[in-house]
K.L.:
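Can you keep this structure in mind? I'll have questions shortly.
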Amino acid sequence: MAQAGSSTMDVTFPSDTEILITRTLNAPPHLVYLAWTTPELVKKWWPGRRGEMTVAVMDFRVGGAWRYVMVAHGEFEVAFHGIYREIVPNERIVHTEVMEMPGTAPDSEEGAVLNTVTFDGADGGATTVRIRTDAGSKEVRDLIAQSGMEGGVREQFEIIEELAASLT
């Protein structure tokens, strides 16, 4: 369990192909969801404290595409894209995610993982966010887990909590 702000963040491995990240944020579900689904707000939290986001394109509908690009610490560009598979406002978002590598087409789904993000109301107006990633294989799951993802997600949650507080 890792300490993050006033809350803890748990990272577990429910199966050989999955990563589950759980964190309770001190903000109501509708504001956390708003931060998660508004391009201008996503640009503020998605890179964590590791760089600057240069692109946040979201066609936020089932079947719609998204693409995020950031410059990490001013040195190199990192890009991800995917397709929204399911959207339940203020409750759940299911989408694919592909890390773009040299030669990756920006609309390719090859190598995609499947992310399910849920926003559950918790005591005191808080929100428990769960991100379940199905990487499709143990090898890919382990690569993601060893990528520094945990620290980045911790930073993202801290910023989302700050953003949500400013939206009230």
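Bear in mind the structure is a predicted one, so any value in this text is a computation, not a measurement.
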K.L.:
Decide, yes or no, whether a salt bridge links Arg141 with Glu18 under the criterion of side-chain N to carboxylate O below 4.0 Å.
P.N.:
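No.
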
K.L.:
Decide yes or no for Glu91 and Pro29: does some side-chain heavy atom of the first lie under 4.5 Å from some side-chain heavy atom of the second?
P.N.:
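Contact flag for Glu91/Pro29 side chains = no.
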
K.L.:
Examine Ile83 and Val98 and state if one hydrophobic cluster contains both, with Ile, Leu, Val, Met, Phe, Trp and Tyr joined whenever side-chain heavy atoms are less than 4.5 Å apart.
P.N.:
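The answer is no; the residues belong to distinct hydrophobic clusters.
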
K.L.:
Give a yes or no on whether the ring-centroid distance for Trp66 and His95 is below 6.0 angstrom.
P.N.:
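Under 6.0 Å, so yes.
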
K.L.:
Do Trp36 and Leu167 share a hydrophobic cluster (ILVMFWY, side-chain heavy atoms under 4.5 Å, transitive)?
P.N.:
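They do share one cluster, since a chain of ILVMFWY contacts under 4.5 Å joins Trp36 to Leu167.
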
K.L.:
Could you walk me through whether Tyr84 and Asp59 pass the side-chain contact (heavy atoms from CB on, under 4.5 Å) check?
P.N.:
CA-CA 8 Å; Tyr84 296 106; Asp59 180 6; 5.6 Å; no

K.L.:
Looking at Leu31, Ile159, Leu163, which hits side-chain contact (heavy atoms from CB on, under 4.5 Å) with Leu41?
P.N.:
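Of Leu31, Ile159, Leu163, side-chain contact (heavy atoms from CB on, under 4.5 Å) with Leu41 is met by Leu163 alone.
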
K.L.:
With the 4.5 Å side-chain cut-off for hydrophobic clustering, are Val88 and Val62 part of the same group?
P.N.:
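No; tracing contacts between hydrophobic side chains, which count when under 4.5 Å, never links both residues.
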
K.L.:
Membership question, hydrophobic clusters at under 4.5 Å side-chain separation (ILVMFWY): are Ile131 and Ile19 in the same one?
P.N.:
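Yes.
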
K.L.:
Give the minimum heavy-atom separation between Arg132 and Pro14, together with the two atoms involved.
P.N.:
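Between these two residues, the closest heavy atoms are NH1-CG, 3.3 Å.
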
K.L.:
How long is the span from the CG atom in Leu25 to the CD atom in Glu162, to the nearest 0.5 Å?
P.N.:
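Rounded to the nearest 0.5 Å, the CG-CD separation comes out at 11.0 Å.
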
K.L.:
Does some side-chain heavy atom of Val42 sit less than 4.5 Å from a side-chain heavy atom of Pro39?
P.N.:
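SC-SC contact between Pro39 and Val42 ruled out.
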
K.L.:
With rounding to the nearest 0.5 Å, note down the distance linking CH2 in Trp45 to CD1 in Ile160.
P.N.:
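Going from the CH2 atom of Trp45 to the CD1 atom of Ile160 covers 4.0 Å.
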
K.L.:
A side-chain contact here means heavy atoms from C-beta on lying under 4.5 Å apart; do Ile144 and Val113 qualify?
P.N.:
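They are in contact (side-chain heavy atoms under 4.5 Å apart), so the answer is yes.
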
K.L.:
Side chains of Val78 and Met99, heavy atoms from C-beta outward: is any pair under 4.5 Å?
P.N.:
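Answer yes - side chains close enough.
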
K.L.:
Got a second to check how far Glu97's CD is from Glu100's CD, nearest 0.5 Å?
P.N.:
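Reported to 0.5 Å precision, the distance equals 10.5 Å.
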
K.L.:
Please check this pair: side chain of Thr127 against backbone of Val129, looking for a donor-acceptor N/O pair closer than 3.5 Å.
P.N.:
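Absent.
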
K.L.:
Can you tell whether the side chains of Glu52 and Lys43 come within less than 4.0 Å, N to carboxylate O?
P.N.:
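The answer is no: the pair does not qualify as a salt bridge.
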
K.L.:
Using 0.5 Å steps for rounding, measure from the CG atom of Leu20 to the CZ atom of Phe13.
P.N.:
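Rounded to the nearest 0.5 Å, the CG-CZ separation comes to 10.0 Å.
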
K.L.:
Between Thr54 and Met70, is any pair of side-chain heavy atoms under 4.5 Å apart?
P.N.:
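SC-SC contact between Thr54 and Met70 ruled out.
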
K.L.:
Which hydrophobic side chains are connected to Leu114, either touching it within the sub-4.5 Å cutoff or through other members that do?
P.N.:
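Val94, all in the cluster of Leu114.
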
K.L.:
Indicate yes or no: at least one non-hydrogen side-chain atom of Arg23 is less than 4.5 angstrom from one of Thr8.
P.N.:
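Arg23 vs Thr8: side chains apart.
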
K.L.:
Measuring centre to centre across the rings, with the benzene-like ring taken for any Trp, is Tyr68 within less than 6.0 Å of Phe80?
P.N.:
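Centroid separation for Tyr68 and Phe80: 6.0 Å or greater.
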
K.L.:
So do the side chains of Met9 and Val153 get within less than 4.5 Å of each other, counting heavy atoms only?
P.N.:
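Heavy-atom side-chain distance check passes, below 4.5 Å.
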
K.L.:
Sequence neighbours excluded, which residues qualify as side-chain hydrogen bond (donor to acceptor under 3.5 Å, both in side chains) partners of Asp134?
P.N.:
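side-chain hydrogen bond (donor to acceptor under 3.5 Å, both in side chains) check on Asp134 returns Thr17.
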
K.L.:
Would you sort out whether Thr22 and Asp10 count as a side-chain hydrogen bond (donor to acceptor under 3.5 Å, both in side chains), showing the intermediate values?
P.N.:
CA-CA 5 Å; Thr22 305; Asp10 292 320; 5.6 Å; no

K.L.:
Step by step, work out the side-chain contact (heavy atoms from CB on, under 4.5 Å) result for Phe157 and Ile21.
P.N.:
CA-CA 11 Å; Phe157 279 138; Ile21 300 169; 3.9 Å; yes

K.L.:
Going through the checks in order, is the side-chain contact (heavy atoms from CB on, under 4.5 Å) test met by Val69 and Glu77?
P.N.:
CA-CA 7 Å; Val69 180; Glu77 191 173 86; 3.3 Å; yes

K.L.:
Looking at CG of Asn115 and CZ of Arg130, how far apart are the two atoms once the value is rounded to the nearest 0.5 Å?
P.N.:
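These two atoms lie 15.5 Å from each other.
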
K.L.:
For Arg49, is there any backbone N or O sitting under 3.5 Å from a side-chain donor or acceptor partner on Glu155?
P.N.:
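Judged by distance alone, yes, a pair lies under 3.5 Å.
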
K.L.:
Return yes if a side-chain donor-acceptor contact under 3.5 Å exists between Thr128 and Asp120, otherwise no.
P.N.:
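Asp120 and Thr128 do not have a side-chain donor-acceptor pair below 3.5 Å.
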
K.L.:
At their closest point, which heavy atom of Arg67 faces which heavy atom of Ala79, and how far apart are they?
P.N.:
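Looks like NH2-CB, 3.9 Å.
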
K.L.:
For the pair Glu40 and Lys44, find out whether any cationic side-chain nitrogen is under 4.0 Å from an anionic carboxylate oxygen.
P.N.:
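No salt bridge links Glu40 with Lys44.
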
K.L.:
Are any of the side-chain heavy atoms of Phe76 and Val71 separated by less than 4.5 Å?
P.N.:
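Side-chain contact under 4.5 Å: no.
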
K.L.:
If you measure from CD on Glu161 to CD on Gln156, what distance do you get to the nearest 0.5 Å?
P.N.:
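Nearest 0.5 Å value for the CD-CD distance: 13.5 Å.
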
K.L.:
Which heavy atom of Val57 sits nearest a heavy atom of Val55, and at what distance?
P.N.:
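Residues Val57 and Val55, closest heavy atoms: CG2-CG1, 3.6 Å.
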
